[in-house]
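So you know, we letter chains A, B, ... as the sequences are listed, proteins then strands, and number each from 1.
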Amino acid sequence: MSKPRVCYWFRTDLRLHDSPALKAALDLTPECLYPIWTWDPHYVYKARVGPNRWQFLIDCQNDLSTSIANINPSSKLFVLREAPQTLFPKLFKEWRISHLVFEKDTDAYARERDERIIQLAHEAGVKVVVRTGRTLYDPDELVKKNHGEPTMSVSQVQNAGKLIGPIPRPLPAPKSLPDPGELSLSFNQERPTQDPDYNSAHRKGLDKSYSALAGPNGDFSVPTLSELGIEQSTTPHRGGEKNALEMLLSIVMDKDYTATFEKPKTAPTAFSPQATTLLSPHLHFGSLSCREFYWRVQDVVNEYKGRASNPPTSLTGQLLFRDMYFGAQAILGYKFGQTYGNPHCRFIPWHLPSKIDIESGLITNEYFIDSATAQTYLERWKYGRTGFPWIDALMRQLRQEGWIHHLGRHAVACFLTRGGCYIDWERGAEVFEEWLIDHEAACNIGNWQWLACAAFYSQFYRCYSPVAFPQKWDKEGRFVRRYVPELEHYDQKYIYEPWKAPIADQKKWGCLIKGDALGGDEKFKIYPKPMFDFAKRREICISAIKNAYKVGLYGNDPKVLDGSWWKLFDDRAEGPTDGKRGPPGVTIEHENAAGDECHLEDSRLPKPARVENMNTMSGQKRSAGQSTLDALVKRLKR
DNA sequence: CCTCATGTTGCCCTG
DNA sequence: GCAGGGCAACATGAG
């Protein structure tokens with residue numbers, strides 16, 4: 001019997017230390033080992049990825065490739081440019097692969113893809129070995145031990161985790177690696193269609209992602225940003241296993257910090273250095289193993305003489321949250337990432353709702369602009385021009401550096417959804433997906449639902465103020481001055497509410513507060529006025545969420561699925577029902593709702609529909625919606 | 001059925 | 001300057 005010829009497929013595990021899957025590959029005592037990466041067009045064109053996360057990924061690949069070559073100079077990370085679904089059958093044959101080994105990935109797309117790959121391997125007579133290593137617990141195991149339910153709280157994770165057993169100690173990095181076999185590629189490359197390209201906004205140069213199977217020089221090199229046609233990155237945070245392990249080391253050397261860490265007590269305004277570990281992007285790309293992190297921290301906690309912090313606020317507690325979101329996503333799949341069809345997500349009639357593909361029941365890349373004002377709010381929020389310095393500073397830090405503190409994410413997410421703009425959390429999640437270097441689909445989705453009070457959390461009356469909240473951490477406004485430099489010279493009295501500063505002072509401090517855009521000249525810079533009265537918007541949002549809670553729909557409710565949900569909502573409430581929404585073809589006379597100035601211009605817009613296909617509506621039984629519908633009909637007759 | 005405590009991270013006022 | 005209570009708009013699970 002000949003020795004195995006193993007293909008090790010790197011994906012979410014760009015490291016050599018503590019890799020259960022890599023160990024499984026080496027335990028086969030292979031004749032040859034091909035460490036490969038395939039440049040999957042799904043991620044290249046259908047995931048939102050900005051330059052900073054591309055850079056981080058490339059950093060991780062370069063570092064990994066170097067580390068492999070350091071152990072065995074005839075090996076490295078071999079990067080291929082083709083979809084795994086079409087590449088593998090050809091590669092299995094060409095390189096006479098007997099075993100394919102990879103780390104388990106329970107993300108919705110990844111699971112579908114991997115099932116297909118396993119099937120293709122089976123057809124080719126290739127054995128597949130899969131190991132868990134991305135989370136503390138296998139998300140599927142976690143769900144099983146949680147009575148088949150998605151994990152919706154940390155205590156559920158802790159209880160289910162206890163049933164699974166102790167978290168394994170990390171494995172050492174391998175000391176040797178087998179040579180790869182011959183590297184011929186005598187088959188044709190299948191190039192993907194790139195339309196639509198979700199990342200076209202970042203592609204400034206010619207896209208050569210798929211110019212050749214083994215890269216432009218045929219040497220299986222790690223791509224560069226310019227090969228991908230992606231514009232330059234701007235982040236100071238860089239990837240790679242070496243960096244990650246050095247960062248972890250410096251954290252655990254500070255025993256007080258490590259053992260007494262309490263996330264809610266870390267300052268979101270700290271920027272040099274930041275108050276948290278910055279290890280999240282490394283966990284995302286697998287350049288740091290979560291078990292390595294867990295045990296290095298736990299060992300410090302176990303030996304700590306003083307009073308150590310505990311989950312969920314402690315450092316290890318952060319990893320439990322991560323597992324919680326992975327568990328929720330593992331069982332809900334694509335539905336976890338949207339309200340529509342999601343039994344665990346509350347239905348709230350936000351502005352700018354996603355368009356739904358009726359065939360699949362999944363959200364598309366498009367959304368309804370039911371309110372021109374809401375669309376303006378979204379644009380101003382995304383690019384840091386809301387006129388609220390705390391929000392704008394965070395959003396600019398996010399765009400430039402790809403990272404903001406967890407509480408900063410709370411602040412901007414609350415502001416966009418239930419505590420200000422009343423915009424669909426799916427819009428916010430998309431911006432984070434694009435800009436975060438630590439974007440982890442499960443965690444991002446879960447946190448947005450949390451902050452929107454759509455799932456995991458429900459105390460919607462606890463609303464982050466863009467003034468009082470940052471003042472608690474940073475009275476002087478150092479953080480704002482760093483990321484909103486036009487306000488650099490403002491007195492701390494006005495740093496979070498510059499519109500309140502007297503004009504004479506505004507001139508003295510070199511920045512005028514006016515209009516809705518940035519600008520100015522050498523003499524006076526311009527920073528926009530706040531885009532709304534926060535206190536008023538807070539009131540509107542809270543009453544709207546309160547009402548949505550009272551109505552009590554979840555994403556899988558038939559009324560949500562068929563689009564008849566609007567009958568249950570007062571047409572004067574905030575959201576797509578606010579004064580002019582009605583059944584298709586019916587125009588409702590406008591009645592002014594108190595306190596919201598956007599109604600008149602909204603009424604000129606085309607009527608939004610949450611679902612493309614409203615056919616099923618007429619067949620639905622009417623029950624709770626009857627009274628509001630009657631009121632609507634009465635008003636129409638008047 | 002009830003009460004009560006708890007839930008990663010609110011704000012405001014009081015003393 | 002900061003700790004603690006009130007607020008009383010939520011959901012869940014233990015007892």
Check whether the side chains of [X] and [Y] place a donor and an acceptor atom closer than 3.5 Å, and report yes or no.
{"X": "A/E401", "Y": "A/Y483", "value": "yes"}
{"X": "A/T339", "Y": "A/E426", "value": "yes"}
{"X": "A/H351", "Y": "A/D370", "value": "yes"}
{"X": "A/T12", "Y": "A/E103", "value": "yes"}

- Message: Ring of A/W566, cation from A/K559 - is the NZ or CZ under 6.0 Å from the centre and inside 45° of the axis?
- Response: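 Geometry flag: not set, cation outside 6.0 Å or 45°.
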- Kindly confirm or rule out a cation-pi arrangement of A/R537 over A/F532, judged by NZ or CZ under 6.0 Å from the six-membered ring centre and within 45° of its axis?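 Checked: cation-pi criterion met.
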- Read 5' to 3' with Watson-Crick or G-U pairs under 3.5 Å, [ ] for crossing pairs and | for partners on another strand, DNA chain B gives .||||||..||||||
Report the distance from atom [atom1] of [X] to atom [atom2] of [N], rounded to the nearest whole Å.
{"X": "A/N447", "N": "B/dG7", "atom1": "CG", "atom2": "C1'", "result": "15 Å"}
{"X": "A/N310", "N": "B/dT8", "atom1": "CG", "atom2": "P", "result": "13 Å"}
{"X": "A/L319", "N": "B/dT8", "atom1": "CG", "atom2": "C1'", "result": "14 Å"}
{"X": "A/H405", "N": "B/dT9", "atom1": "NE2", "atom2": "P", "result": "14 Å"}
{"X": "A/Y464", "N": "B/dC11", "atom1": "OH", "atom2": "P", "result": "8 Å"}
{"X": "A/K263", "N": "B/dG10", "atom1": "NZ", "atom2": "C1'", "result": "18 Å"}
{"X": "A/Q471", "N": "B/dC11", "atom1": "CD", "atom2": "P", "result": "10 Å"}
{"X": "A/H406", "N": "B/dT8", "atom1": "NE2", "atom2": "P", "result": "11 Å"}

- Task: Show the numbers, then the answer: is there a salt bridge (Lys or Arg N to Asp or Glu O under 4.0 Å) between A/R169 and A/D18?
- Result: CA-CA 9 Å; A/R169 283 269 168 187; A/D18 188 42; over 6 Å; no
- Message: Are the side chains of A/R380 and A/T376 in contact, using a 4.5 Å heavy-atom criterion?
- Response: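 With C-beta onward as the side chain, the pair touches.
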- Message: Between A/L163 and A/E141, is there a side-chain heavy-atom distance shorter than 4.5 Å?
- Response: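 When only atoms from C-beta onward are counted, A/L163 and A/E141 do not touch, as no gap falls below 4.5 Å.
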Roughly how many Å apart are [M] and [N], using the [atom1] atom of each and rounding to a whole number?
{"N": "C/dA9", "M": "B/dC2", "atom1": "C1'", "value": "22 Å"}
{"N": "C/dA8", "M": "B/dT3", "atom1": "C1'", "value": "16 Å"}
{"N": "C/dA3", "M": "B/dT8", "atom1": "P", "value": "23 Å"}

- Mutual orientation of the aromatic rings belonging to A/F469 and A/W473 [parallel < 30°, tilted 30-60°, perpendicular > 60°]: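 Geometry flag for A/W473 against A/F469: perpendicular rings.
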- Message: What does the B/S/- profile of nucleotides 8-13 of chain C look like, 5' to 3', with a 4.0 Å heavy-atom cutoff to protein?
- Response: -BBS--
- Item | Neighbour count >12 (heavy atoms, 6.0 Å) for atom CZ, A/R111 |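 Result for CZ/A/R111: enclosed.
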- Query: Going by heavy atoms closer than 4.0 Å, what residues in residues 311-318 of chain A are next to DNA chain B?
  - Reply: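 Those residues whose heavy atoms fall under 4.0 Å from DNA chain B, taken from residues 311-318 of chain A in numerical order, are A/P312, A/T313, A/Q318.
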